[in-house]
Amino acid sequence: MTGGRPYYITTPIYYVNDAPHIGHAYTTVACDALARFMRLDGRRVKFLTGTDEHGQKVARSARDAGVDPKTFTDRVSLNFREMTRLMNISNDDFIRTTEERHIRSCQALWQELERRGEIYLGHYKGWYSVRDEAFYDESELVNGKAPSGADVEWYEEENYFFRLSAWQDRLLEFYEKNPNFIAPTARRNEVISFVKSGLNDLSVSRTSFTWGVPVPGKPGHVMYVWLDALNNYQTAVGYPDTESEEYKTFWPADLHMVGKDIIRFHTVYWPAFLMAAGLQPPRRVFAHGWWTVEGQKMSKSLGNFIPPQKLVDQYGVDAVRYFMLRELPFGSDGDFSHRAMVGRINGDLANDFGNLAQRVLSMIAKNCGGRVPAKGPLTPADDALLGAARRLLPRLRAEYAEQAFHKALEAVFEVVAAANRYVDEQAPWALRKTDPARMETVLWVAAETIRHLAILMQPVVPTAAGKLLDQLGAEARDFAALDGAPLVPGTALPKPEGVFPRYVEG
RNA sequence: GGCAGCGUAGCUCAGUGGUAGAGCAGGGGAAUCAUAAUCCCUUGGUCGGGGGUUCGAAUCCCUCCGCUGCUACCA
């Protein structure tokens, strides 16, 4: 089954002012698993990530660092590129909002919105807090200060507004007609109730700073950061050239993966901007949850952000990826603890899956001359196990389609458990003396099952699954090979070697 | 304050009208191919409290308690 519909998936572009942490790694790993899954399933995939580099905060950080903004962002954007390498991410493109292609794209979008009368000149007035870099309504002030306690000052600025208020009904209609647009359901309900409560027009230009995309024909104005940032998803597929092969193939995007903090921008503003420009909104936005660390919220004051490098050094990249996608229902918040991590590494990966592979491959190495064993007549027990393995793909397609990674992995591990039971029940070590031919068949069935499992685990643990397939002598590794390329008896195999080491406290 | 959701075994959760479930943790046993891994059996819950509807409620209704999210322009 190849040649399905193209698949375009994006991470948010990460704000360069932050250092990459576990949250960034999480979003990106989830997208990577989806991208890899879809590629293995024969779909043409575009997987985009990148960095958001404009805004007053960035300009200030650059100034503090004593360099110009471009030099500064060139430097810090690399931190996120390095994170993709570290986490073994298979992105097809890495976009930066300071790139020429993006500036052009944003200006074209602006002009289209303006041409259609969706943007008008107005005045922004409000209480502004420099510390929070945010505006507050009169009603939000507490004793003349921001809710955060920061000082505020009266602020008036001439800027351009987007007619968001005019899109309220059309947005609600869009949500109604596209029930899968916002996930999980709880988030969808929140967004809908927010839109129902009424929308105000949105200021989409700033004159108070210059580090942004210049508004075409309006000296002194730069674009509102979110209009700039969201449009990266279109830039990467060639906008404004909507007739390009790339754009026609991949737009609208299949999935924008986001953290729950930025869902509104992606599910209210973004579809409104696009519809207003006569363009198609994305098909789906998924808002995942947050990690706490050892039971505590991550915060700057606690200083408990975990750099991805530290996790990978300690546990290994495959283990971290597996943990992130298995430990909690995708969409919910969860806790990242050492104890839970070790439980997954040793319990699931090393003991259940790793040891299954090791015990089977060792027996093959010792008793079958290091070659794929001969396959004799199959018993009902053999067929039952192989059948369970073959039924996984349709199940996984359904779970991945809903970003239910934990359920997909649970399904895989049900078969891992079934395979361990099978080996125990068939006891090939006993058959070795009583019925060597049957022993070979049992080992073939077990190895063939492991091949299925390894192929299906590639999206989550690409390195370990790849090594496992090496050891099985399996050349073809996409999902078409599941039923299409079973193990060939007699194939010479390399010496088995553990691919999921136990974590030992030290 | 308003709106929404949640509260089920030690832990994480599934279960939305018909005799309480899974994984992990705990206890006992089997096996010995294997990363001392695996397999089998098992302890454990008045399903947050109270009231109601029903032949029957974790599951529907009311109420109380506790927790969480959202309530616009900070990534």
Side-chain angles (χ1 to χ4, degrees), chain A residues 12-18 23-24 51-58 124 126 129 131-137 140 146 148 150 161-162 164 185-187 189-204 206 224-227 229 258-265 268-269 289 326-329 332-335 337 339-340 343-367 406-407 410 413-414 416-417 419-432 439 442-443 446 496-504:
Chain A
I13 44 175
Y14 301 116
Y15 200 53
V16 287
N17 234 33
D18 297 328
H24 300 108
T51 45
D52 181 10
E53 309 188 2
H54 287 135
Q56 196 168 17
K57 244 184 201 174
V58 174
Y124 195 94
S129 159
R131 195 179 84 189
D132 300 346
E133 213 182 37
F135 285 94
Y136 296 102
D137 191 78
E140 291 180 279
S148 62
F161 282 77
F162 170 70
L164 184 63
T185 308
R187 298 292 163 202
N189 295 339
E190 285 176 7
V191 170
I192 289 175
S193 87
F194 168 74
V195 173
K196 277 185 176 164
S197 75
L199 296 174
N200 298 325
D201 289 349
L202 186 69
S203 67
V204 288
R206 294 292 137 84
Y224 170 53
V225 290
W226 273 105
L227 179 58
V258 301
K260 62 185 184 181
D261 55 330
I262 55 175
I263 185 142
R264 175 179 307 150
F265 304 106
V268 181
Y269 302 167
R326 176 65 185 88
E327 182 63 8
L328 52 98
S332 307
D333 291 347
D335 186 47
S337 72
R339 174 190 285 273
R344 289 297 176 191
I345 291 175
N346 290 348
D348 296 0
L349 295 179
N351 295 353
D352 289 347
F353 192 23
N355 184 58
L356 168 68
Q358 189 67 10
R359 67 197 300 209
V360 170
L361 288 166
S362 296
M363 279 187 276
I364 289 174
K366 289 176 187 164
N367 304 306
H406 61 297
K407 289 187 188 173
E410 193 174 18
F413 274 78
E414 279 170 18
V416 169
N420 270 317
R421 277 196 298 277
Y422 170 86
V423 173
D424 270 40
E425 285 162 7
Q426 299 300 319
W429 51 91
L431 291 169
R432 182 161 64 100
M439 174 199 74
V442 166
L443 292 176
E497 195 177 317
V499 297
F500 292 115
R502 284 181 67 78
Y503 183 91
V504 181

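Letters A, B, ... mirror the listed sequences (proteins, then strands); counts begin at 1. Bear in mind the structure is a predicted one, so any value in this text is a computation, not a measurement.
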Taking the side chain of A:Asn420 as its heavy atoms from C-beta onward, which of B:A75, B:C39, B:C70 lies nearest to it? B:C39
Point-to-point distance, once rounded to the nearest 0.5 Å, from CG of A:Asn420 to CZ of A:Arg359: 5.0 Å
Which residue lies toward the 5' end of RNA chain B, A:Phe194 or A:Arg187, if each is placed at its nearest nucleotide? A:Arg187
When you get a sec, tell me which of B:U35, B:A37, B:C73 is the closest nucleotide to the side chain of A:Asn355? B:A37
For A:Lys407, salt bridge (Lys or Arg N to Asp or Glu O under 4.0 Å) partners two or more places apart: none
Which value, in whole Å, describes the distance between the C1' atoms of nucleotides B:C6 and B:U12? 15 Å
Counting Watson-Crick and G-U wobble pairs only, both distances under 3.5 Å, name the nucleotide matched with B:G66, or none. B:C6
Rounding to an integer number of angstrom, what distance separates B:G2 and B:U54 when you compare their P atoms? 32 Å
B:A14 versus B:G23 - spacing of their P atoms, nearest Å: 16 Å
Under the ring pair (Phe, Tyr, Trp, His ring centres under 6.0 Å) rule, collect the residues that match up with A:Tyr14, sequence neighbours excluded. A:His24, A:Phe80
Would you measure the distance from the C1' atom in B:A75 across to the matching atom in B:A36 and give it in whole Å? 48 Å
What interatomic distance, in whole Å, is found between P of B:C13 and the corresponding atom of B:G17? 23 Å
Side-chain contact check for A:Arg421: nearest option of B:C39, B:A75, B:C73 is B:C39
Distance between the P atoms of B:A58 and B:G21, in whole angstroms? 13 Å
Any chance you could measure A:Leu443, atom CG, to A:Ile364, atom CD1, to the nearest 0.5 Å? 5.0 Å
For atom NZ of A:Lys260 and atom C1' of B:A4, their distance in whole Å: 14 Å
B:U42 and B:G49, which share atom name P, separated by this distance in whole Å: 28 Å
Assign A:Val416 to base, sugar-phosphate, or nothing according to its heavy-atom contacts below 4.0 angstrom with the strands shown. nothing
Would you say A:Arg264 reaches B:C73's phosphate, i.e. side-chain N/O to OP1/OP2 under 4.0 Å? no
Which pairs, protein N/O on one side and nucleotides 27-33 of chain B N/O on the other, fall under 3.5 Å?
| from | atom 1 | to | atom 2 | distance (Å) |
| --- | --- | --- | --- | --- |
| B:C33 | O2' | A:Arg359 | O | 3.4 |
| B:C33 | O2 | A:Arg359 | NE | 3.1 |
| B:C33 | N3 | A:Arg359 | NE | 3.4 |
| B:C33 | N3 | A:Arg359 | NH2 | 2.6 |
| B:C33 | N4 | A:Arg359 | NH2 | 3.1 |

Taking distance alone, no hydrogens or angles, what donor-acceptor pairs closer than 3.5 Å link side-chain atoms of residues 425-432 of chain A to residues at least two apart or in another chain?
| from | atom 1 | to | atom 2 | distance (Å) |
| --- | --- | --- | --- | --- |
| A:Gln426 | OE1 | A:Arg438 | NH2 | 3.0 |

Main-chain N/O of A:Tyr503 paired to A:Asn346 side chain as donor or acceptor, under 3.5 Å: yes
For B:G7 versus B:C61, give the span between their P atoms, rounded off to a whole number of Å. 14 Å
Which protein N or O atoms sit under 3.5 Å from an N or O of nucleotides 5-16 of chain B?
none

Which residues pass the side-chain hydrogen bond (donor to acceptor under 3.5 Å, both in side chains) test with A:Arg502, not counting sequence neighbours? A:Asn351
Knowing that exactly one of A:Val423, A:Asn355, A:Val442 qualifies, which makes a side-chain contact (heavy atoms from CB on, under 4.5 Å) with A:Val360? A:Val423
